[in-house]
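One structure below.
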Amino acid sequence: MAQKPSIPKGTRDFSPAEMVKRNYIFDTIKEVFRLYGFQPIETPAMENLSTLMGKYGEEGDKLLFKILNSGDFVAKVSADVYGEKDSVKLTSQISEKGLRYDLTVPFARFVVQYRNDITFPFKRYQIQPVWRADRPQKGRYREFYQCDVDVIGSNSLLNEMELVQIIDDVFGRLKINTVVKINNRKILAGIAEIIGETQRVVDITVAIDKLEKIGLEKVNLELSEKGVSDEAIEKLQPILALEGSSAEKIDQLEKILSASETGIKGVEEMKTLFAYIGNLDLQTEVELDLTLARGLNYYTGAIFEVKAKNAAIGSICGGGRYDDLTGIFGLPDVSGVGISFGAERIFDVLTQLDLFPQESLETTRVMFVNFGEKEEAYCLPVLAQLRKNNVNAEIFPENAKMKKQMNYANKKDIPFVVLAGESEINEGKFTLKNMESGEQKSVTAEELIKILS
RNA sequence: GUGGUUGUAGUUCAGUUGGUUAGAACGCUGGAUUGUGGUUCCAGAGGUCGCCGGUUCAAAUCCGGUCUACCACCCCA
(Lines give C-alpha, C1' and ligand atoms only; values in the text may rest on other atoms or scores of the structure.)
Protein backbone atom coordinates (compact mmCIF):
# COMPACT_ATOMS: atom_id res chain seq x y z
CA MET A 1 0.00 0.00 0.00
CA ALA A 2 1.91 3.01 -1.24
CA GLN A 3 -0.69 5.66 -0.60
CA LYS A 4 -3.94 5.17 1.22
CA PRO A 5 -6.95 6.28 -0.80
CA SER A 6 -9.23 8.81 0.80
CA ILE A 7 -12.39 10.82 0.26
CA PRO A 8 -12.84 14.61 0.20
CA LYS A 9 -13.05 16.58 3.41
CA GLY A 10 -16.46 16.51 5.05
CA THR A 11 -17.79 13.56 3.03
CA ARG A 12 -18.47 10.04 4.29
CA ASP A 13 -18.79 6.43 3.19
CA PHE A 14 -21.64 4.45 4.70
CA SER A 15 -21.16 0.81 5.70
CA PRO A 16 -23.98 -1.75 5.40
CA ALA A 17 -24.67 -1.43 9.13
CA GLU A 18 -24.95 2.34 8.80
CA MET A 19 -27.13 2.12 5.71
CA VAL A 20 -29.60 -0.12 7.53
CA LYS A 21 -29.94 2.58 10.17
CA ARG A 22 -30.10 5.44 7.67
CA ASN A 23 -32.77 3.68 5.65
CA TYR A 24 -34.78 3.17 8.81
CA ILE A 25 -34.86 6.95 9.21
CA PHE A 26 -35.58 7.68 5.55
CA ASP A 27 -38.25 4.99 5.35
CA THR A 28 -40.21 6.19 8.37
CA ILE A 29 -40.03 9.78 7.16
CA LYS A 30 -41.22 8.80 3.67
CA GLU A 31 -44.00 6.69 5.10
CA VAL A 32 -45.36 9.65 7.06
CA PHE A 33 -44.99 12.05 4.12
CA ARG A 34 -47.06 9.74 1.92
CA LEU A 35 -49.67 9.43 4.64
CA TYR A 36 -50.38 13.15 4.32
CA GLY A 37 -50.62 13.09 0.53
CA PHE A 38 -47.15 14.26 -0.42
CA GLN A 39 -45.48 12.94 -3.57
CA PRO A 40 -41.80 12.57 -4.35
CA ILE A 41 -39.70 14.49 -6.85
CA GLU A 42 -35.99 14.57 -7.53
CA THR A 43 -33.84 17.28 -9.07
CA PRO A 44 -30.26 17.13 -10.38
CA ALA A 45 -27.27 17.34 -8.08
CA MET A 46 -26.09 20.34 -10.06
CA GLU A 47 -28.01 23.46 -10.99
CA ASN A 48 -27.06 26.43 -13.11
CA LEU A 49 -25.21 28.90 -10.93
CA SER A 50 -27.70 31.56 -12.00
CA THR A 51 -30.48 29.75 -10.17
CA LEU A 52 -28.33 29.23 -7.08
CA MET A 53 -26.43 32.49 -6.68
CA GLY A 54 -27.91 35.25 -4.56
CA LYS A 55 -30.53 33.04 -2.94
CA TYR A 56 -28.75 32.38 0.33
CA GLY A 57 -27.14 35.74 1.00
CA GLU A 58 -23.53 36.71 0.49
CA GLU A 59 -22.35 34.02 2.90
CA GLY A 60 -24.29 31.38 0.99
CA ASP A 61 -22.65 32.28 -2.32
CA LYS A 62 -19.27 31.58 -0.78
CA LEU A 63 -20.42 28.19 0.46
CA LEU A 64 -21.58 27.00 -2.96
CA PHE A 65 -19.51 24.31 -4.62
CA LYS A 66 -18.87 25.45 -8.17
CA ILE A 67 -18.21 23.15 -11.09
CA LEU A 68 -15.53 23.97 -13.62
CA ASN A 69 -16.71 24.33 -17.22
CA SER A 70 -15.75 21.53 -19.56
CA GLY A 71 -13.05 21.88 -22.16
CA ASP A 72 -10.28 24.45 -22.26
CA PHE A 73 -12.05 26.90 -19.97
CA VAL A 74 -8.99 29.03 -19.30
CA ALA A 75 -8.52 29.89 -22.97
CA LYS A 76 -11.92 31.56 -22.99
CA VAL A 77 -11.18 33.89 -20.09
CA SER A 78 -10.56 37.45 -21.24
CA ALA A 79 -7.04 38.66 -20.57
CA ASP A 80 -8.02 41.56 -18.32
CA VAL A 81 -10.15 39.42 -16.01
CA TYR A 82 -7.36 36.87 -15.82
CA GLY A 83 -4.90 39.59 -14.90
CA GLU A 84 -7.13 41.10 -12.24
CA LYS A 85 -7.00 37.95 -10.10
CA ASP A 86 -10.53 38.66 -8.86
CA SER A 87 -12.02 35.33 -7.80
CA VAL A 88 -15.63 36.41 -8.21
CA LYS A 89 -15.14 37.75 -11.73
CA LEU A 90 -13.00 34.81 -12.75
CA THR A 91 -15.51 32.31 -11.37
CA SER A 92 -18.29 33.71 -13.52
CA GLN A 93 -16.17 33.00 -16.60
CA ILE A 94 -14.95 29.51 -15.81
CA SER A 95 -17.97 28.06 -13.99
CA GLU A 96 -21.62 28.07 -14.83
CA LYS A 97 -22.86 25.15 -12.73
CA GLY A 98 -22.87 24.43 -9.00
CA LEU A 99 -23.92 21.70 -6.58
CA ARG A 100 -27.25 22.31 -4.91
CA TYR A 101 -27.08 24.01 -1.52
CA ASP A 102 -30.53 23.01 -0.34
CA LEU A 103 -33.71 21.50 -1.76
CA THR A 104 -36.01 24.48 -1.49
CA VAL A 105 -34.50 26.68 -4.20
CA PRO A 106 -34.31 23.84 -6.75
CA PHE A 107 -37.92 23.09 -5.85
CA ALA A 108 -38.93 26.69 -6.52
CA ARG A 109 -37.18 26.45 -9.89
CA PHE A 110 -39.00 23.19 -10.56
CA VAL A 111 -42.39 24.71 -9.75
CA VAL A 112 -41.81 27.70 -12.02
CA GLN A 113 -40.54 25.53 -14.85
CA TYR A 114 -43.46 23.09 -14.75
CA ARG A 115 -46.16 25.46 -13.54
CA ASN A 116 -48.50 24.45 -16.36
CA ASP A 117 -48.22 20.75 -15.58
CA ILE A 118 -48.51 21.06 -11.81
CA THR A 119 -51.86 20.98 -10.06
CA PHE A 120 -51.93 23.36 -7.13
CA PRO A 121 -51.70 23.12 -4.21
CA PHE A 122 -48.63 21.05 -4.97
CA LYS A 123 -47.48 18.79 -2.15
CA ARG A 124 -44.09 17.27 -2.70
CA TYR A 125 -41.36 15.62 -0.69
CA GLN A 126 -37.73 15.31 -1.67
CA ILE A 127 -34.95 13.35 0.01
CA GLN A 128 -31.56 14.02 -1.55
CA PRO A 129 -28.05 15.11 -0.61
CA VAL A 130 -27.01 18.76 -0.63
CA TRP A 131 -23.51 20.24 -0.56
CA ARG A 132 -21.99 23.14 1.31
CA ALA A 133 -18.34 24.24 1.24
CA ASP A 134 -18.47 24.90 4.97
CA ARG A 135 -15.73 23.93 7.36
CA PRO A 136 -16.78 20.56 8.78
CA GLN A 137 -17.34 19.88 12.47
CA LYS A 138 -18.99 17.12 14.39
CA GLY A 139 -22.47 16.64 12.93
CA ARG A 140 -21.70 19.13 10.15
CA TYR A 141 -20.65 17.80 6.80
CA ARG A 142 -19.99 19.11 3.32
CA GLU A 143 -22.33 16.52 1.89
CA PHE A 144 -25.48 15.70 3.81
CA TYR A 145 -29.07 14.66 3.23
CA GLN A 146 -32.13 16.78 3.64
CA CYS A 147 -35.67 15.47 3.79
CA ASP A 148 -37.96 18.27 2.63
CA VAL A 149 -41.75 18.45 2.58
CA ASP A 150 -43.39 21.51 1.12
CA VAL A 151 -46.83 22.52 -0.04
CA ILE A 152 -46.87 25.33 -2.52
CA GLY A 153 -49.81 27.31 -3.84
CA SER A 154 -51.92 27.50 -0.69
CA ASN A 155 -52.14 30.22 1.94
CA SER A 156 -54.16 28.18 4.39
CA LEU A 157 -52.77 27.75 7.87
CA LEU A 158 -54.14 24.23 7.72
CA ASN A 159 -50.85 23.43 5.95
CA GLU A 160 -48.84 24.71 8.90
CA MET A 161 -50.99 22.59 11.17
CA GLU A 162 -50.40 19.48 9.08
CA LEU A 163 -46.66 20.08 9.15
CA VAL A 164 -46.82 20.10 12.94
CA GLN A 165 -48.74 16.83 12.76
CA ILE A 166 -46.11 15.38 10.45
CA ILE A 167 -43.36 16.38 12.88
CA ASP A 168 -45.27 14.77 15.72
CA ASP A 169 -45.90 11.65 13.67
CA VAL A 170 -42.30 11.21 12.46
CA PHE A 171 -40.67 11.71 15.84
CA GLY A 172 -43.38 9.64 17.51
CA ARG A 173 -42.48 6.73 15.26
CA LEU A 174 -38.77 7.27 15.84
CA LYS A 175 -39.50 7.48 19.60
CA ILE A 176 -37.71 10.80 20.01
CA ASN A 177 -39.20 13.26 22.51
CA THR A 178 -39.27 16.68 20.95
CA VAL A 179 -40.29 20.30 21.42
CA VAL A 180 -41.61 22.20 18.43
CA LYS A 181 -40.85 25.90 18.59
CA ILE A 182 -42.92 28.19 16.45
CA ASN A 183 -42.56 31.87 15.69
CA ASN A 184 -43.68 34.21 12.94
CA ARG A 185 -41.56 36.49 10.81
CA LYS A 186 -44.39 39.03 10.69
CA ILE A 187 -44.30 39.26 14.48
CA LEU A 188 -40.55 39.82 14.33
CA ALA A 189 -41.06 42.49 11.68
CA GLY A 190 -43.79 44.02 13.88
CA ILE A 191 -41.44 44.14 16.84
CA ALA A 192 -38.80 45.90 14.77
CA GLU A 193 -41.44 48.36 13.61
CA ILE A 194 -42.73 49.10 17.12
CA ILE A 195 -39.29 49.80 18.50
CA GLY A 196 -38.58 52.08 15.55
CA GLU A 197 -35.97 49.97 13.74
CA THR A 198 -37.96 48.69 10.78
CA GLN A 199 -34.86 48.57 8.60
CA ARG A 200 -32.95 46.32 10.96
CA VAL A 201 -35.28 43.31 11.20
CA VAL A 202 -32.54 40.91 10.12
CA ASP A 203 -29.91 42.21 12.56
CA ILE A 204 -32.45 42.21 15.36
CA THR A 205 -33.73 38.69 14.72
CA VAL A 206 -30.22 37.28 14.34
CA ALA A 207 -29.28 38.78 17.69
CA ILE A 208 -32.48 37.70 19.45
CA ASP A 209 -31.95 34.19 18.11
CA LYS A 210 -28.87 33.91 20.32
CA LEU A 211 -30.70 34.82 23.53
CA GLU A 212 -30.76 31.29 24.89
CA LYS A 213 -27.12 30.71 24.00
CA ILE A 214 -25.33 33.92 25.03
CA GLY A 215 -27.77 35.64 27.40
CA LEU A 216 -29.63 38.94 27.45
CA GLU A 217 -26.64 41.18 28.12
CA LYS A 218 -24.63 39.99 25.17
CA VAL A 219 -27.67 40.18 22.92
CA ASN A 220 -28.14 43.82 23.88
CA LEU A 221 -24.46 44.44 23.30
CA GLU A 222 -24.62 42.89 19.86
CA LEU A 223 -27.70 44.97 19.02
CA SER A 224 -26.00 48.22 19.88
CA GLU A 225 -22.87 47.15 17.99
CA LYS A 226 -25.06 46.59 14.95
CA GLY A 227 -26.27 50.19 15.31
CA VAL A 228 -29.64 49.68 16.97
CA SER A 229 -30.42 52.73 19.11
CA ASP A 230 -30.39 52.52 22.91
CA GLU A 231 -33.97 53.68 22.91
CA ALA A 232 -35.02 50.81 20.68
CA ILE A 233 -33.12 48.28 22.79
CA GLU A 234 -34.89 49.69 25.85
CA LYS A 235 -38.27 49.19 24.18
CA LEU A 236 -37.33 45.64 23.23
CA GLN A 237 -36.68 44.48 26.78
CA PRO A 238 -40.30 43.88 27.92
CA ILE A 239 -40.94 41.91 24.73
CA LEU A 240 -37.95 39.64 25.34
CA ALA A 241 -39.13 39.14 28.91
CA LEU A 242 -42.58 37.89 27.89
CA GLU A 243 -43.55 34.77 29.77
CA GLY A 244 -46.41 32.33 30.14
CA SER A 245 -48.21 29.91 27.88
CA SER A 246 -48.24 30.39 24.13
CA ALA A 247 -51.80 31.74 24.34
CA GLU A 248 -50.82 34.23 27.03
CA LYS A 249 -47.85 35.42 25.01
CA ILE A 250 -50.07 35.88 22.00
CA ASP A 251 -52.53 37.96 24.04
CA GLN A 252 -49.78 40.22 25.31
CA LEU A 253 -48.24 40.57 21.88
CA GLU A 254 -51.58 41.61 20.48
CA LYS A 255 -51.52 44.67 22.75
CA ILE A 256 -47.86 45.47 22.25
CA LEU A 257 -48.04 45.22 18.47
CA SER A 258 -51.42 46.94 18.04
CA ALA A 259 -49.79 49.83 16.18
CA SER A 260 -48.11 47.56 13.63
CA GLU A 261 -50.20 46.21 10.79
CA THR A 262 -47.84 43.38 9.90
CA GLY A 263 -47.29 42.60 13.56
CA ILE A 264 -51.03 42.15 14.11
CA LYS A 265 -51.25 40.01 10.98
CA GLY A 266 -48.60 37.75 12.45
CA VAL A 267 -50.41 37.59 15.78
CA GLU A 268 -53.64 36.64 13.97
CA GLU A 269 -51.83 33.86 12.13
CA MET A 270 -50.40 32.48 15.33
CA LYS A 271 -53.81 32.65 17.00
CA THR A 272 -55.36 30.60 14.23
CA LEU A 273 -52.49 28.10 14.12
CA PHE A 274 -52.44 27.55 17.87
CA ALA A 275 -56.23 27.15 17.86
CA TYR A 276 -55.81 24.38 15.25
CA ILE A 277 -53.00 22.80 17.22
CA GLY A 278 -55.03 22.93 20.43
CA ASN A 279 -57.53 20.53 18.88
CA LEU A 280 -54.91 17.98 17.87
CA ASP A 281 -53.89 14.98 19.90
CA LEU A 282 -50.13 15.44 19.94
CA GLN A 283 -47.34 13.83 21.93
CA THR A 284 -44.95 16.63 21.06
CA GLU A 285 -44.81 19.83 23.03
CA VAL A 286 -45.54 22.92 20.93
CA GLU A 287 -44.68 26.43 22.02
CA LEU A 288 -44.46 29.96 20.74
CA ASP A 289 -40.85 31.08 20.98
CA LEU A 290 -40.21 34.74 20.18
CA THR A 291 -36.47 34.20 20.17
CA LEU A 292 -36.68 31.81 17.23
CA ALA A 293 -35.43 33.55 14.10
CA ARG A 294 -33.92 31.03 11.65
CA GLY A 295 -31.28 32.11 9.23
CA LEU A 296 -32.68 31.77 5.76
CA ASN A 297 -34.08 35.09 4.79
CA TYR A 298 -36.83 33.96 2.45
CA TYR A 299 -39.22 33.07 5.27
CA THR A 300 -42.14 35.48 5.61
CA GLY A 301 -44.69 33.86 7.94
CA ALA A 302 -44.60 31.01 10.40
CA ILE A 303 -41.20 29.53 11.23
CA PHE A 304 -40.55 26.18 12.89
CA GLU A 305 -37.74 24.50 14.67
CA VAL A 306 -37.69 21.11 16.39
CA LYS A 307 -35.35 20.14 19.18
CA ALA A 308 -34.77 16.74 20.72
CA LYS A 309 -35.47 16.83 24.44
CA ASN A 310 -32.94 14.32 25.76
CA ALA A 311 -30.02 14.92 23.42
CA ALA A 312 -27.49 17.70 23.34
CA ILE A 313 -27.71 18.55 19.68
CA GLY A 314 -28.95 21.50 17.65
CA SER A 315 -32.25 21.51 15.83
CA ILE A 316 -33.21 18.30 14.05
CA CYS A 317 -35.90 19.79 11.86
CA GLY A 318 -36.84 23.29 10.74
CA GLY A 319 -38.72 25.31 8.18
CA GLY A 320 -41.33 27.94 7.58
CA ARG A 321 -43.54 29.82 5.17
CA TYR A 322 -42.15 31.75 2.23
CA ASP A 323 -44.56 33.99 0.36
CA ASP A 324 -42.57 34.74 -2.71
CA LEU A 325 -39.86 32.20 -3.33
CA THR A 326 -40.87 31.61 -6.94
CA GLY A 327 -41.00 35.36 -7.58
CA ILE A 328 -37.27 35.47 -8.29
CA PHE A 329 -37.86 32.91 -11.05
CA GLY A 330 -40.69 34.92 -12.56
CA LEU A 331 -43.77 33.46 -10.90
CA PRO A 332 -44.99 35.96 -8.29
CA ASP A 333 -47.56 35.58 -5.51
CA VAL A 334 -47.22 31.87 -4.96
CA SER A 335 -46.97 31.09 -1.28
CA GLY A 336 -45.43 27.94 0.10
CA VAL A 337 -44.67 26.41 3.44
CA GLY A 338 -42.38 23.53 4.25
CA ILE A 339 -40.00 21.88 6.65
CA SER A 340 -36.79 19.94 6.38
CA PHE A 341 -35.71 16.99 8.50
CA GLY A 342 -31.98 16.77 9.19
CA ALA A 343 -31.20 13.10 8.64
CA GLU A 344 -27.63 13.21 9.98
CA ARG A 345 -28.63 14.83 13.23
CA ILE A 346 -31.57 12.51 13.70
CA PHE A 347 -29.06 9.68 13.19
CA ASP A 348 -26.88 11.12 15.95
CA VAL A 349 -29.83 11.50 18.32
CA LEU A 350 -30.98 7.92 17.71
CA THR A 351 -27.41 6.72 18.29
CA GLN A 352 -26.99 8.75 21.48
CA LEU A 353 -30.29 7.51 22.90
CA ASP A 354 -29.83 3.98 21.54
CA LEU A 355 -33.19 4.03 19.80
CA PHE A 356 -32.45 2.10 16.62
CA PRO A 357 -34.55 -1.06 16.39
CA GLN A 358 -32.69 -4.34 16.82
CA GLU A 359 -34.43 -6.19 14.04
CA SER A 360 -34.19 -4.93 10.51
CA LEU A 361 -35.95 -5.89 7.33
CA GLU A 362 -32.71 -5.44 5.44
CA THR A 363 -30.64 -8.21 6.98
CA THR A 364 -30.57 -11.90 6.25
CA ARG A 365 -32.90 -14.04 8.37
CA VAL A 366 -31.61 -17.46 7.50
CA MET A 367 -28.46 -18.92 5.93
CA PHE A 368 -28.04 -22.42 4.48
CA VAL A 369 -24.72 -24.04 5.18
CA ASN A 370 -23.11 -25.39 2.02
CA PHE A 371 -21.96 -29.03 2.28
CA GLY A 372 -21.42 -29.72 -1.41
CA GLU A 373 -23.17 -30.26 -4.73
CA LYS A 374 -25.70 -32.89 -3.69
CA GLU A 375 -26.65 -30.90 -0.59
CA GLU A 376 -26.95 -27.67 -2.61
CA ALA A 377 -29.46 -29.30 -4.90
CA TYR A 378 -31.44 -30.43 -1.87
CA CYS A 379 -31.51 -26.91 -0.35
CA LEU A 380 -32.03 -24.69 -3.39
CA PRO A 381 -35.80 -25.33 -3.87
CA VAL A 382 -36.47 -24.57 -0.20
CA LEU A 383 -34.35 -21.45 -0.45
CA ALA A 384 -36.47 -20.30 -3.40
CA GLN A 385 -39.66 -21.06 -1.46
CA LEU A 386 -38.49 -18.97 1.47
CA ARG A 387 -37.78 -16.02 -0.82
CA LYS A 388 -41.24 -16.38 -2.35
CA ASN A 389 -42.54 -15.99 1.18
CA ASN A 390 -40.52 -12.78 1.57
CA VAL A 391 -37.97 -14.30 3.91
CA ASN A 392 -34.48 -12.87 3.37
CA ALA A 393 -32.41 -15.98 2.84
CA GLU A 394 -29.04 -16.96 1.42
CA ILE A 395 -26.87 -20.00 0.92
CA PHE A 396 -23.13 -19.87 1.52
CA PRO A 397 -21.74 -19.94 -2.02
CA GLU A 398 -18.87 -22.29 -1.34
CA ASN A 399 -18.37 -25.63 0.33
CA ALA A 400 -16.05 -24.03 2.84
CA LYS A 401 -15.15 -25.22 6.27
CA MET A 402 -18.02 -25.32 8.70
CA LYS A 403 -16.24 -22.92 10.99
CA LYS A 404 -15.88 -20.34 8.25
CA GLN A 405 -19.55 -20.61 7.26
CA MET A 406 -20.82 -20.39 10.82
CA ASN A 407 -18.54 -17.47 11.47
CA TYR A 408 -19.94 -15.70 8.42
CA ALA A 409 -23.48 -16.12 9.74
CA ASN A 410 -22.41 -14.96 13.15
CA LYS A 411 -20.67 -11.82 11.90
CA LYS A 412 -23.64 -10.94 9.76
CA ASP A 413 -26.00 -11.35 12.71
CA ILE A 414 -28.05 -13.92 10.87
CA PRO A 415 -30.48 -15.33 13.46
CA PHE A 416 -31.04 -18.77 11.86
CA VAL A 417 -28.83 -21.31 10.10
CA VAL A 418 -30.01 -24.39 8.24
CA LEU A 419 -27.83 -27.49 8.10
CA ALA A 420 -28.70 -30.18 5.61
CA GLY A 421 -26.13 -32.91 5.01
CA GLU A 422 -26.25 -36.57 4.22
CA SER A 423 -28.23 -37.65 7.29
CA GLU A 424 -30.84 -34.90 6.84
CA ILE A 425 -31.24 -35.78 3.17
CA ASN A 426 -31.82 -39.43 4.08
CA GLU A 427 -34.54 -38.42 6.51
CA GLY A 428 -35.98 -35.77 4.16
CA LYS A 429 -35.49 -33.12 6.82
CA PHE A 430 -33.49 -30.00 7.71
CA THR A 431 -31.68 -29.03 10.89
CA LEU A 432 -32.66 -25.50 11.93
CA LYS A 433 -30.30 -23.83 14.34
CA ASN A 434 -31.13 -20.74 16.35
CA MET A 435 -27.88 -18.81 16.46
CA GLU A 436 -28.75 -16.86 19.56
CA SER A 437 -29.76 -19.74 21.82
CA GLY A 438 -27.72 -22.42 20.08
CA GLU A 439 -30.78 -24.64 20.10
CA GLN A 440 -31.40 -26.80 17.03
CA LYS A 441 -34.18 -29.04 15.81
CA SER A 442 -35.02 -31.30 12.93
CA VAL A 443 -37.88 -30.06 10.74
CA THR A 444 -39.49 -30.72 7.35
CA ALA A 445 -39.33 -28.20 4.50
CA GLU A 446 -42.90 -27.08 5.21
CA GLU A 447 -42.22 -26.59 8.91
CA LEU A 448 -39.07 -24.66 8.09
CA ILE A 449 -40.92 -22.22 5.84
CA LYS A 450 -43.69 -21.85 8.39
CA ILE A 451 -41.31 -21.08 11.26
CA LEU A 452 -39.33 -18.49 9.33
CA SER A 453 -42.19 -16.74 7.51
C1' G B 1 -13.26 32.37 5.74
C1' U B 2 -10.41 33.56 10.96
C1' G B 3 -8.05 31.35 15.39
C1' G B 4 -6.74 26.77 18.04
C1' U B 5 -6.07 21.22 19.10
C1' U B 6 -4.80 16.59 16.82
C1' G B 7 -2.50 12.35 13.79
C1' U B 8 1.90 5.80 15.92
C1' A B 9 -0.59 -1.86 13.24
C1' G B 10 -7.55 -2.83 10.87
C1' U B 11 -9.31 -0.25 15.88
C1' U B 12 -8.25 2.08 20.81
C1' C B 13 -3.86 3.73 22.71
C1' A B 14 1.65 3.26 25.16
C1' G B 15 6.52 4.88 23.43
C1' U B 16 11.59 8.10 28.90
C1' U B 17 16.31 14.07 28.12
C1' G B 18 16.26 12.90 20.38
C1' G B 19 19.97 6.96 20.68
C1' U B 20 20.39 0.19 18.18
C1' U B 21 15.35 -4.31 15.95
C1' A B 22 8.64 1.00 17.62
C1' G B 23 5.09 -2.05 21.85
C1' A B 24 0.13 -3.64 24.29
C1' A B 25 -5.00 -4.80 24.12
C1' C B 26 -8.82 -5.89 20.93
C1' G B 27 -9.55 -7.41 15.89
C1' C B 28 -7.59 -10.45 11.69
C1' U B 29 -5.40 -15.39 9.70
C1' G B 30 -4.15 -20.49 10.89
C1' G B 31 -4.31 -24.56 14.44
C1' A B 32 -6.36 -27.34 18.99
C1' U B 33 -11.86 -29.20 16.82
C1' U B 34 -12.64 -33.31 8.92
C1' G B 35 -20.99 -31.47 10.86
C1' U B 36 -21.34 -26.36 14.63
C1' G B 37 -20.35 -19.80 15.26
C1' G B 38 -20.47 -16.46 19.55
C1' U B 39 -16.35 -18.85 25.18
C1' U B 40 -11.08 -20.88 26.00
C1' C B 41 -5.86 -22.16 24.67
C1' C B 42 -1.56 -21.96 21.11
C1' A B 43 0.87 -19.86 16.88
C1' G B 44 1.28 -16.20 12.96
C1' A B 45 0.70 -11.98 9.76
C1' G B 46 0.29 -6.89 9.89
C1' G B 47 3.93 -0.14 10.55
C1' U B 48 8.27 4.42 4.95
C1' C B 49 5.18 6.62 13.17
C1' G B 50 -0.61 11.25 8.14
C1' C B 51 2.34 13.48 3.89
C1' C B 52 6.55 16.87 2.20
C1' G B 53 10.74 19.39 3.67
C1' G B 54 14.38 21.28 7.51
C1' U B 55 17.77 20.92 12.05
C1' U B 56 21.12 16.83 13.83
C1' C B 57 26.35 11.97 13.78
C1' A B 58 21.23 10.25 14.86
C1' A B 59 14.04 12.22 14.50
C1' A B 60 7.90 8.65 16.06
C1' U B 61 10.21 12.49 19.40
C1' C B 62 12.55 19.26 17.75
C1' C B 63 11.14 23.16 13.68
C1' G B 64 8.29 24.76 9.08
C1' G B 65 4.63 23.65 5.50
C1' U B 66 0.52 20.61 3.95
C1' C B 67 -3.63 17.24 4.50
C1' U B 68 -7.26 15.05 7.96
C1' A B 69 -10.43 14.87 12.16
C1' C B 70 -12.03 17.83 16.03
C1' C B 71 -13.00 22.77 18.93
C1' A B 72 -14.41 28.16 19.00
C1' C B 73 -16.18 32.25 15.84
C1' C B 74 -19.18 33.02 11.36
C1' C B 75 -23.10 30.40 9.50
C1' C B 76 -26.16 26.28 9.53
C1' A B 77 -29.05 20.61 8.99
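Proteins get letters first, then strands, A, B, ... in listed order; numbering begins at 1 in each.
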Measuring to OP1 and OP2 of G31(B), would you say a side-chain N or O of Lys401(A) lies under 4.0 angstrom away?
yes
Rounded to whole angstrom, note down the C1' distance from G47(B) over to U39(B).
31 Å
Rounded to whole Å, how long is the line connecting atom CZ of Phe65(A) with atom C1' of G1(B)?
14 Å
Name of the residue among Arg140(A), Lys9(A), Arg142(A) meeting salt bridge (Lys or Arg N to Asp or Glu O under 4.0 Å) with Asp134(A)
Arg140(A)
Any Lys9(A) side-chain nitrogen or oxygen under 4.0 Å from OP1 or OP2 of U68(B)
yes
What nucleic acid atoms does Gln405(A) come within less than 4.0 Å of, heavy atoms only: base, sugar-phosphate, or nothing?
nothing
Between C71(B) and G31(B), how far apart are the two C1' atoms, rounded to whole Å?
48 Å
Which nucleotide in the set G27(B), A77(B), G37(B) lies at the smallest distance from any side-chain heavy atom of Glu344(A)?
A77(B)
Just the rounded figure in Å: distance from P of C75(B) to CH2 of Trp131(A).
25 Å
Lys433(A) has a side chain; which of G35(B), U36(B), C75(B) sits nearest to it?
U36(B)
What nucleic acid atoms does Ser423(A) come within less than 4.0 Å of, heavy atoms only: base, sugar-phosphate, or nothing?
base
Looking at every strand, decide which applies to Gly10(A) at a 4.0 Å heavy-atom threshold: base, sugar-phosphate, or nothing.
sugar-phosphate
Using the C1' atom as the point on both nucleotides, what is the distance between G10(B) and G27(B), in whole Å?
7 Å
Closest nucleotide among G37(B), G35(B), C75(B) to the Asn407(A) side chain:
G37(B)
Nearest listed nucleotide, side chain of Arg135(A), among G35(B), A72(B), G37(B):
A72(B)
When the C1' atoms of U8(B) and A25(B) are considered, how many whole Å apart are they?
15 Å
Scan Lys411(A) against the nucleic acid and name what it touches under 4.0 Å (heavy atoms): base, sugar-phosphate only, or nothing.
sugar-phosphate
Heavy atoms only, 4.0 Å cut-off, all strands: where does Gly438(A) land among base, sugar-phosphate and nothing?
base
Is the closest side-chain donor-acceptor distance between Gln385(A) and Arg387(A) under 3.5 Å?
no
Nearest to side-chain heavy atoms of Tyr141(A), which nucleotide of G35(B), A77(B), U36(B)
A77(B)
Nearest whole angstrom, please: distance from the P of C76(B) to the CD of Glu59(A).
8 Å
Atom-pair distance (NZ on Lys403(A); C1' on G35(B)), nearest Å:
14 Å
What's the closest nucleotide to the Gln137(A) side chain, out of G37(B), C74(B), G3(B)?
C74(B)
Whole-angstrom distance between U66(B) and G4(B), as gauged at atom P:
12 Å
In this structure, how many angstroms lie between the C1' atom of C76(B) and the NZ atom of Lys307(A), rounded?
13 Å
Side-chain H-bond candidate by donor/acceptor type, Thr364(A) with Glu394(A), under 3.5 Å
yes
Counting the atoms with a prime plus P, OP1 and OP2 as sugar-phosphate, which does Gly318(A) contact under 4.0 Å by heavy atoms, base, sugar-phosphate, or nothing?
nothing
Centroid separation under 6.0 Å, is that true for the rings of Phe65(A) and Tyr101(A)?
no
Across all strands, who's sitting opposite U6(B) as a Watson-Crick or G-U wobble pair, both distances under 3.5 Å?
none
Residues Glu285(A) and Thr178(A): side-chain donor-acceptor under 3.5 angstrom:
no
RNA chain B: 5'-proximal contact among Ala420(A) and Phe144(A) (nearest heavy atom):
Ala420(A)
Nucleotide C76(B), atom C1' - distance to CG of Leu63(A) in whole Å:
9 Å
What interatomic distance, in whole Å, is found between C1' of G65(B) and the corresponding atom of G7(B)?
16 Å
Counting only Watson-Crick or G-U wobble pairs whose two distances fall under 3.5 Å, which nucleotide matches A60(B)?
none
Donor-acceptor pair under 3.5 Å: do we get one between Glu375(A)'s side chain and the base of G35(B)?
no
Decide whether Glu269(A) and Asn184(A) meet the rule of one side-chain donor and one side-chain acceptor closer than 3.5 Å.
yes
Nearest-angstrom distance from the residue atom CG of Asn370(A) to P of G35(B):
13 Å
When you compare G19(B) with U61(B), how far apart are their P atoms, in angstrom units rounded to a whole number?
10 Å
Less than 3.5 Å apart, any donor N or O on the side chain of Asp323(A) or Tyr299(A) sitting next to an acceptor on the other?
no
OP1 or OP2 of C74(B) less than 4.0 angstrom from a side-chain nitrogen or oxygen of Lys210(A), does that happen here?
yes
Check every strand shown and say whether Glu143(A) touches a base, only sugar-phosphate, or nothing at a heavy-atom separation below 4.0 Å.
nothing
Check whether any side-chain heavy atom of Leu380(A) lies under 4.5 Å from a side-chain heavy atom of Phe368(A), and answer yes or no.
no
Separation between the C1' atoms of C63(B) and G1(B), rounded to whole Å
27 Å
Strand partner of A25(B), provided both Watson-Crick or wobble distances fall under 3.5 Å
U11(B)
What integer distance in Å separates Phe368(A):CZ from U36(B):P?
20 Å
Along RNA chain B (nearest heavy atom to each residue), the more 5'-positioned of Asn410(A) and Gln146(A):
Asn410(A)
